[in-house]
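This is the structure I have questions about; it appears just below.
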There are 2 protein chains.
Amino acid sequence: MTKLGIVGYGNLGKGAVKAIEQNPDTELVGIFTRRNPKELGCKGADVYSVDRAEEFVDKIDVMLLCGGSATDLPKQGPIFASLFNTVDSYDNHENIPRYYDEMNRVAQKNDKLCAISIGWDPGVFSMNRLISKYILPEGSDYTFWGPGVSQGHSDAVRRIEGVSDAVQYTIPIEESIEKVRAGEELDLPSHDMHRRVCYIVAEENADTARIEREIKTMPNYFEKYSTDVNYISKVELKNDHSGMPHGGFVIRVGKTGSERNNKEIYELHLKLDSNPEFTASVLVAYARAVHRLSEEGNKGAVTVFDVPLSYLSPRPAAELRAKML
Amino acid sequence: MTKLGIVGYGNLGKGAVKAIEQNPDTELVGIFTRRNPKELGCKGADVYSVDRAEEFVDKIDVMLLCGGSATDLPKQGPIFASLFNTVDSYDNHENIPRYYDEMNRVAQKNDKLCAISIGWDPGVFSMNRLISKYILPEGSDYTFWGPGVSQGHSDAVRRIEGVSDAVQYTIPIEESIEKVRAGEELDLPSHDMHRRVCYIVAEENADTARIEREIKTMPNYFEKYSTDVNYISKVELKNDHSGMPHGGFVIRVGKTGSERNNKEIYELHLKLDSNPEFTASVLVAYARAVHRLSEEGNKGAVTVFDVPLSYLSPRPAAELRAKML
């Protein structure tokens, strides 16, 4: 049995509660929040102020850190790593080395084991990028994202004057996927791999032409991308666009043979109805692994590259060999 | 540098020679064959009788066992595991536990490390089956094979009276893949997932109607399957059907959320121009891992479930975190 705590009750934390329910060898001890625990509205789970987490060092095997990568995890990660084994979904790719070093230092010092950057990208996508690249050393690879909601882009649109609410979908360009699969070696910038679709609730009397122009010329976020802008009602936005689907493709096309004329296509595709529920499911599987690896004496920070796959499963190795190999 | 030997110079052994060329941190020391070394016709590599392998115990880090699973590996595996670290592609799923136990026993006793059942199924497919199953504990999964040449089925057709030569392709049924992706929970027998296509060179005056009937009613191999039988010339068979393409799909559809009403689709697709070249490429990546794990003091038998992914790469862990995560 792996006893888990959850820090943070946003979308990911809510997904974690559900994922723990689906794994009978895991148990939720408590949710730790910065908000008023009484107002969290989480049925069937004990909720505590995050300040009380330290009281649970002997009651929780692994803490799932469900905060965001921008501001929460850089602060919370090291604090919790000094007290608990942890799993987090730190996804700021550029700063992973720095975050790893800090988590590793604290965890080593306190005999804890901390799995960082767990989820699907970084996470499952990274695993398949690594496997395919080193199995097929000559070739090229591509990661396409979507169709899915990008919070960053949705936020950027919401900040435009006259926009009441908005959702932005990133959508992979099917023709580019086909070219990649066909083995064309392409140097594809992101805007040739993805297009963008916005659904916007405009304020009354807003200048929709200006809003559209501001979106389409927004540097980095939309400029250079093919972007569709659609205006819808508040009710439509709520009914049709409140899910959090996401996914994407990792594709590597390797060349083998003396003349490198054989093409070996390795393609992983995720199509997720719920980005946070899937991500939380990955966190829970890695929490199981962290618990066991920690009991075996491992400490420090690890990523998906370090954990043998058998540790994701609660079943004995002999059974995995007999049934899953 | 990982110094490699190859035992057996069939399709897989030939693929291994090419894969080693593609990995600059690996080096081919020699090919060991049961045939006359002088008649092997392998340019640019040293070829020895398999009886001389023992002379190379200090010159080879890992031996790639490239024999077949039916008769070669059950004999050769334990013999070589007593002398060398090994990697093999043992793929008789039913007998893996027994083969593992034997290889583990011999390797433990002789301080060797042996990676068994490496390739794509078992291998890369197994890895993705395990990852997706334990990330998504509720749901269903399916493995589709092909389009690809099945040696077993081709051999079965060749044994029919009046057949001079034949190639059999296993082809996944697209409609079944679509149903699976749509999240339908199906109990699909193999003949509802795959169809079969035979290309046959008939002997002169052979009774083609009888041949077709014998194929389509052959128990286990073809009975119950939808099977196409095509007669072609010897030249056509050679020109159009001498490649060894293969591949397939591992698909898991998980259900998440309190009501289990969110679908999370995890799909791996391999499309291989050359089954043996891809399989050999996997062997070489795992040989690198076995070499390093062995130098760290590990021994016994391992599978893809036991080897941390970072060991597949020659690059340092910090670089992998910075660039691949």
Side-chain angles (χ1 to χ4, degrees), chain A residues 15 18-19 21-23 93 96-97 100 117 122 124 126-131 133-138 181 247 254 256-258 261-274 277-278 280-282 285 288 303-310 312-314 317-318 320-322 324-325, chain B residues 15 18-19 21-23 93 96-97 100 117 122 124 126-131 133-138 181 247 254 256-258 261-274 277-278 280-282 285 288 303-310 312-314 317-318 320-322 324-325:
Chain A
K18 299 172 199 165
E21 281 170 16
Q22 291 192 286
N23 287 278
H93 288 261
I96 284 174
Y100 172 89
S117 300
V124 171
S126 325
M127 298 162 85
N128 281 284
R129 277 194 288 261
L130 189 147
I131 295 167
K133 183 180 173 81
Y134 291 104
I135 282 174
L136 297 166
E138 296 181 39
R181 284 185 187 135
T256 64
S258 322
N261 49 2
N262 281 325
K263 241 176 16 194
E264 320 297 349
I265 304 179
Y266 184 113
E267 176 172 334
L268 178 76
H269 180 200
L270 293 182
K271 188 166 180 289
L272 311 174
D273 277 353
S274 170
E277 285 173 12
F278 183 80
S281 299
V282 185
R288 171 185 294 129
T303 74
V304 289
F305 296 157
D306 305 305
V307 176
L309 301 181
S310 62
L312 301 180
S313 166
L320 296 178
R321 281 192 298 272
M324 309 280 304
L325 205 58
Chain B
K18 299 171 200 165
E21 280 169 17
Q22 292 192 286
N23 287 278
H93 288 259
I96 284 174
Y100 173 88
S117 300
V124 171
S126 326
M127 297 162 86
N128 282 285
R129 276 194 290 261
L130 189 148
I131 295 168
K133 183 181 173 82
Y134 291 105
I135 282 174
L136 297 166
E138 295 180 40
R181 284 185 187 134
T256 63
S258 322
N261 50 3
N262 282 325
K263 242 177 16 193
E264 321 296 350
I265 304 179
Y266 184 113
E267 176 172 335
L268 177 76
H269 180 201
L270 292 181
K271 189 166 180 288
L272 311 173
D273 276 354
S274 170
E277 286 173 10
F278 183 80
S281 299
V282 185
R288 170 185 295 128
T303 74
V304 291
F305 297 157
D306 305 306
V307 176
L309 300 181
S310 62
L312 301 179
S313 165
L320 297 177
R321 282 192 297 271
M324 309 280 305
L325 205 57

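What you see is a predicted model, and the numbers here were worked out from it, not measured in a lab. Chain identifiers are assigned alphabetically (A, B, ...) following the order of the sequence lines, protein sequences preceding nucleic acid strands; residue numbering begins at 1 within each chain.
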Quiz item: Where on Thr303(A) is there a heavy atom nearer than 4.5 Å to chain B: the side chain, the backbone, both, or neither?
Solution: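 Interface part for Thr303(A): side chain.
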
Self-check item: Structural part of Leu320(A) lying under 4.5 Å from a heavy atom of chain B
Solution: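 Its backbone and side chain both get close to chain B.
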
Quiz item: With a 4.5 angstrom heavy-atom cut-off, which part of Ala322(A) approaches chain B: side chain, backbone, both or neither?
Solution: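 For Ala322(A), the contact with chain B is made by backbone and side chain together.
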
Exercise. Sort out for me which of Leu312(A), Asn261(A), Val307(A), Val304(A) touches chain B most, counting heavy-atom pairs under 4.5 Å.
Key: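 The candidate making the most pairs under 4.5 Å is Leu312(A).
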
Quiz item: Could you give the distance from CG (Leu272(B)) to CG (Asn262(A)), rounded to the nearest 0.5 Å?
Solution: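 Answer for the CG-CG pair, Leu272(B) versus Asn262(A), is 10.0 Å.
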
Quiz prompt | Within-4.5 Å side-chain heavy-atom neighbours: Tyr266(B) and Val124(A) | solution =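 Answer yes - side chains close enough.
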
Quiz prompt | From NZ (Lys271(A)) to CZ (Arg181(B)), nearest 0.5 Å | solution =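 Taking NZ in Lys271(A) and CZ in Arg181(B), the distance rounds to 10.0 Å.
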
Quiz item: Should Thr256(A) and Lys18(B) count as side-chain neighbours, where that means a heavy-atom distance under 4.5 Å?
Solution: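 The answer is no; the side chains never approach within 4.5 Å.
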
Exercise. Heavy atoms only, distances under 4.5 angstrom: which of Pro122(A), Ser310(A), Ser258(A), Ala317(A) has the most pairs with chain B? Name it, please.
Key: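 Max contact count across the listed options: Ser310(A).
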
Quiz item: Hey, which of Ala19(B), Ser313(B), Gly15(B) has the most heavy atom pairs under 4.5 Å with chain A?
Solution: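 Sorted descending by pairs with chain A, the first entry is Ser313(B).
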
Quiz item: Quick one: does Phe278(B)'s side chain get under 4.5 Å of Ile135(A)'s, heavy atoms only?
Solution: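 Result yes, sub-4.5 Å side-chain heavy-atom pair found.
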
Quiz item: Which region of Leu325(B), side chain (C-beta onward) or backbone (N, CA, C, O), has a non-hydrogen atom less than 4.5 Å from a non-hydrogen atom of chain A, or is it both or neither?
Solution: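 Both parts, backbone and side chain.
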
Quiz item: Quick one: salt bridge (Lys or Arg N to Asp or Glu O under 4.0 Å) partners of Arg129(B), sequence neighbours excluded?
Solution: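 Listed in chain order: Asp121(B).
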
Quiz prompt | Structural part of Leu136(B) lying under 4.5 Å from a heavy atom of chain A | solution =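 Side chain only.
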
Quiz item: Among Gly247(A), Ser274(A), Pro97(A), which residue forms the greatest number of heavy-atom pairs with chain B at distances under 4.5 Å?
Solution: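 The residue among Gly247(A), Ser274(A), Pro97(A) with the greatest pair count is Ser274(A).
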
Quiz item: Can you say whether Asn128(A) sits under 4.5 Å from chain B via the side chain, the backbone, both, or neither, judging by heavy atoms?
Solution: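 When you check distances to chain B, only side chain atoms of Asn128(A) fall under 4.5 Å.
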
Quiz item: How about Leu309(B) and Met127(B): do any of their side-chain heavy atoms sit closer than 4.5 Å?
Solution: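 Touching, per the 4.5 Å side-chain cut-off.
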
Self-check item: Heavy-atom pair count under 4.5 Å with chain B, highest-scoring of Ala285(A), Ala318(A), Ser117(A), Pro137(A)
Solution: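 Max contact count across the listed options: Pro137(A).
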
Quiz item: If you tally heavy-atom pairs under 4.5 Å against chain A, which of His269(B), Arg321(B), Glu267(B) wins?
Solution: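 Highest number of heavy-atom pairs under 4.5 Å: Arg321(B).
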
Exercise. Calculate, to the nearest 0.5 Å, the distance between atoms CZ and CE belonging to Phe305(B) and Met324(A) respectively.
Key: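 Interatomic distance, Phe305(B) CZ to Met324(A) CE, rounded to 0.5 Å: 5.5 Å.
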
